[in-house]
Novice: 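Dropping the structure in here first, questions after.
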Number of protein chains: 2
Amino acid sequence: MGRPTIADIAERVGVSKGAVSFALNGRPGVAEATRARILQVAKEMNWRPHSAARALGGARAEAVGLVIARPASTLGVEPFFAQLLSGLQAGLSAQSVAMHLMIVEDAEAEMEVYRDWASAHRVDGFIMVDLKVRDPRVEVLEELGVPAVVLGGPGRHGSLSSVWADDREAMLSVVDYLAALGHRRVAHVAGLPEFRHTQRRMRALRDSSRRLGLVDAVSLTTDFSDAEGAAATRALLSRRLRPTAIVYDSDVMALAGLGVAGEMGVRVPDELSVVAFDDSVLTRIAHPSITALSRDTFAYGRKLAEVMLEVVADPGRRRELKTETPRLIVRESTAPPGSWQAD
Amino acid sequence: MGRPTIADIAERVGVSKGAVSFALNGRPGVAEATRARILQVAKEMNWRPHSAARALGGARAEAVGLVIARPASTLGVEPFFAQLLSGLQAGLSAQSVAMHLMIVEDAEAEMEVYRDWASAHRVDGFIMVDLKVRDPRVEVLEELGVPAVVLGGPGRHGSLSSVWADDREAMLSVVDYLAALGHRRVAHVAGLPEFRHTQRRMRALRDSSRRLGLVDAVSLTTDFSDAEGAAATRALLSRRLRPTAIVYDSDVMALAGLGVAGEMGVRVPDELSVVAFDDSVLTRIAHPSITALSRDTFAYGRKLAEVMLEVVADPGRRRELKTETPRLIVRESTAPPGSWQAD
DNA sequence: TCCGGCAACTATAGCGGTTTAGTTCACCCC
DNA sequence: GGGGTGAACTAAACCGCTATAGTTGCCGGA
């Protein structure tokens with residue numbers, strides 16, 4: 001005999017399948033004594049629910065889906081993502097909800113997987129990451145009528161719930177700080193231009209540019225790789241009037257930028273200040289250590305899980321949760337611009 | 001009406017459910033013309049299989065399980081793990097097999113999840129990581145009779161398949177190289193002592209110690225964190241006769257060690273050579289860049305997926321696949337020991 | 001002409017649960 | 001003592017799909 005079923009239990013206890021089901025799910029309809037006996041036997045026989053059978057009946061799948069459309073080989077590089085995943089898992093595991101993960105080539109494939117998993121009741125909801133500027137995935141998820149939470153925002157994700165951090169506010173705090181130190185030529189090595197949060201950061205820099213009297217506040221977009229981060233830095237430091245401060249959209253790129261500065265003989269922080277979005281072991285370990293916008297990414301992931309579970313529990317609901325704005329952790333890589341500096 | 005079922009299709013085409021099932025699964029029993037009509041209608045109605053229903057009938061779940069017992073907050077730190085996951089995903093996605101992921105507190109919980117998912121037919125097989133020295137999980141997986149692949153080896157994983165890299169060989173290549181450079185005091189900042197691969201690396205160092213005339217070839221174990229890596233480095237560099245070379249069991253710890261060397265005024269590579277197990281963007285970006293044992297972790301993950309799929313397809317099978325031994329990539333952090341060095 | 005055989009279907013029984021509509025039966029009360 | 005009531009339980013339908021045992025009808029051969 002394979003795994004025991006409730007029918008086996010029913011037979012052994014001498015009751016019907018229905019009674020066993022009631023007992024195992026803690027609902028009324030069985031006497032306490034019977035319930036106890038059933039639970040006892042179920043334990044003895046080492047019974048476990050068959051989730052597929054439950055799912056057929058329309059119950060929860062006890063799993064959420066996460067589909068990521070990125071070249072898989074680049075995923076491993078970002079500490080941010082792994083941390084987020086960890087936090088997400090922690091939040092879900094607490095409720096014994098598993099995660100269905102799949103990495104695909106592009107957004108088309110991603111939407112196809114959404115459709116598949118949704119109609120197969122494989123998952124109770126989806127988590128969508130890397131929100132783009134005009135993102136067709138939002139519409140697909142809305143159509144499917146499956147609970148979904150978008151990482152990123154605010155706005156432009158229709159009726160879906162979202163969890164986000166204020167990238168604009170974060171960028172402003174960086175620029176304000178740099179301006180206060182006396183920097184006027186601040187550059188920005190940004191991430192992928194189609195990402196919503198990249199746009200918000202770029203706009204924030206542009207906007208504060210006037211207010212703070214910055215000159216030549218430029219954003220160069222990259223694919224988040226250390227290679228492009230380094231290339232962008234080289235370009236910036238090769239200008240006739242080079243920036244006195246560079247803000248990087250990720251810790252990996254900031255570290256790469258630091259390397260380029262070293263290679264070009266530009267001293268950090270004397271001649272160049274460096275700030276990283278996203279804090280991690282990288283920024284702490286670097287020499288000089290890097291001033292970074294720090295947030296508790298693990299907690300961020302856990303919040304995401306929390307909202308996901310809420311939306312699954314009450315599908316009518318729509319939540320929009322703004323998390324703590326990243327705080328600036330000042331380390332060795334920032335200082336007032338050097339006095340040698342012609343302005 | 002919710003999602004269409006094969007009954008809906010059957011009704012619309014005017015055949016029985018069975019005929020539809022045959023047609024959709026490409027098996028004989030329907031005339032070509034009928035099949036074509038059925039497929040046509042299925043497409044029109046946007047039908048998709050309900051995996052739970054299929055699973056109930058005993059079919060594949062088209063998913064494999066990965067359960068990790070680590071404090072979730074530490075997961076994000078290791079580029080290795082994320083890379084592996086990416087490769088694994090890439091291999092699985094190619095066959096449209098998804099991954100069920102769960103992070104739990106300890107091995108007990110991990111085994112509980114194995115039992116759960118196995119009897120619920122949630123997954124077709126398991127991937128087990130972090131093989132320990134005497135690992136109770138092996139027995140559980142064998143008992144469950146579910147296909148499983150162990151990451152790590154060789155040996156000591158019973159009837160389960162495995163994919164592994166030769167840690168012994170790798171360690172020997174590092175030590176040989178360091179010895180050839182003239183190093184005689186080589187230390188090792190190792191990972192968790194209960195891990196099988198940690199043991200193998202430690203043993204390899206001890207063994208070559210005699211052969212190469214190393215003195216005081218010590219291994220300090222850590223939890224893989226940058227903090228403990230730094231602490232171990234501090235301890236080593238505080239010795240009266242400090243090592244002239246340190247081998248780290250991970251790139252993160254090597255980077256942390258580099259930081260400690262800087263903080264203690266020990267120049268790398270003049271006074272201290274540093275080598276890292278595991279290569280990543282970290283070792284490339286560091287200053288000085290770090291000599292590392294490099295392997296294609298992404299490919300490693302893909303191999304793992306491949307073996308997993310094979311074992312699922314043919315459960316009687318047992319495969320033991322040794323992957324490429326990591327190769328030493330020499331960078332700036334290694335050099336002959338300084339001449340100032342008393343021996 | 002009648003029967004065997006095959007292709008093309010149909011009808012139906014599961015798979016392992018949940019759920020709903022009964023069915024018993026003890027008990028209470030007028 | 002008859003009827004109403006609620007608790008405890010049973011029987012059976014159902015979820016969507018697969019698999020298997022029929023059934024039908026047509027063709028070919030003796």
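In what follows, every chain begins at residue 1, and chains take the letters A, B, ... in the order their sequences are listed.
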Novice: Please work out if B:Arg48 contacts a base, only the sugar-phosphate, or nothing of the nucleic acid, heavy-atom cut-off 4.0 Å.
Specialist: sugar-phosphate
Novice: Ignoring backbone atoms, establish whether A:Thr5 has a side-chain N or O less than 4.0 Å from OP1 or OP2 of C:dG16.
Specialist: no
Novice: From D:dA8, C:dT10, C:dG17, pick the nucleotide closest to the side chain of A:Ile6?
Specialist: C:dG17
Novice: From CZ of A:Phe22 over to C1' of C:dT18, roughly how many Å is that when rounded to an integer?
Specialist: 8 Å
Novice: Let me know, please, whether B:Gly18 or B:Leu56 comes out on the 5' side of the other along DNA chain C by nearest nucleotide.
Specialist: B:Gly18
Novice: Choose from D:dC17, C:dG17, C:dT10 the nucleotide whose nearest atom is closest to any side-chain atom of A:Ala53.
Specialist: C:dG17
Novice: Would you tell me if any nitrogen or oxygen in the side chain of A:Arg54 comes within less than 4.0 Å of OP1 or OP2 on C:dG16?
Specialist: no
Novice: Can you tell me how the ring of B:Trp117 sits relative to the ring of B:His100, calling it parallel under 30°, perpendicular over 60° and tilted otherwise?
Specialist: perpendicular
Novice: What is the distance, to the nearest angstrom, from the CG atom on A:Asp8 to the P atom on C:dC15?
Specialist: 10 Å
Novice: Where each residue is assigned the nucleotide of DNA chain D containing its nearest heavy atom, which of B:Gly57 and A:Lys17 is assigned the position nearer the 5′ end?
Specialist: A:Lys17
Novice: Whole angstroms only, please: what is the CG-P distance between A:Asn25 and C:dG17?
Specialist: 10 Å
Novice: B:Ile9 has an atom CD1; how far is it from atom P of D:dC17, in whole Å?
Specialist: 8 Å
Novice: Mind calculating the distance between CD (A:Glu11) and P (D:dT10) to the nearest angstrom?
Specialist: 13 Å
Novice: On the ring face of A:Phe81, is A:Arg70 found with NZ or CZ under 6.0 Å from the centre and within 45° of the axis?
Specialist: yes
Novice: Specify the separation, in whole Å, of atom CD of B:Glu62 and atom C1' of D:dC17.
Specialist: 15 Å
Novice: Tell me whether B:Arg318 is salt-bridged to B:Glu320, with the criterion being a basic N under 4.0 Å from an acidic carboxylate O.
Specialist: yes
Novice: Distance check needed: D:dT20 C1' versus B:Arg27 CZ, whole Å only.
Specialist: 11 Å
Novice: Have a look at B:Arg35 and say if it touches a base, only the backbone sugar-phosphate, or nothing, with a 4.0 Å heavy-atom cut-off.
Specialist: nothing
Novice: Take atom NE2 of A:His121 and atom P of D:dC15, then tell me their distance rounded to the nearest Å.
Specialist: 12 Å
Novice: Base, sugar-phosphate alone, or nothing: which one does B:Pro49 contact when heavy atoms must sit under 4.0 Å apart?
Specialist: sugar-phosphate
Novice: Just checking A:Glu142: does its CD atom have more than 12 heavy atoms from other residues, nucleotides or ligands closer to it than 6.0 angstrom?
Specialist: yes
Novice: Identify whether any heavy atom of B:Val20 sits under 4.0 Å from a base atom; if not, whether one sits that close to sugar-phosphate; answer base, sugar-phosphate or nothing.
Specialist: nothing
Novice: Less than 4.0 angstrom between a side-chain N/O of A:Trp47 and OP1 or OP2 of C:dG16, yes or no?
Specialist: no
Novice: Is it true that B:Arg12 and B:Glu44 make a salt bridge, defined as a side-chain N closer than 4.0 Å to a carboxylate O?
Specialist: yes
Novice: Check the phosphate of D:dT18 against B:Ser21, side-chain N and O only, distance under 4.0 Å to OP1 or OP2. Yes or no?
Specialist: yes
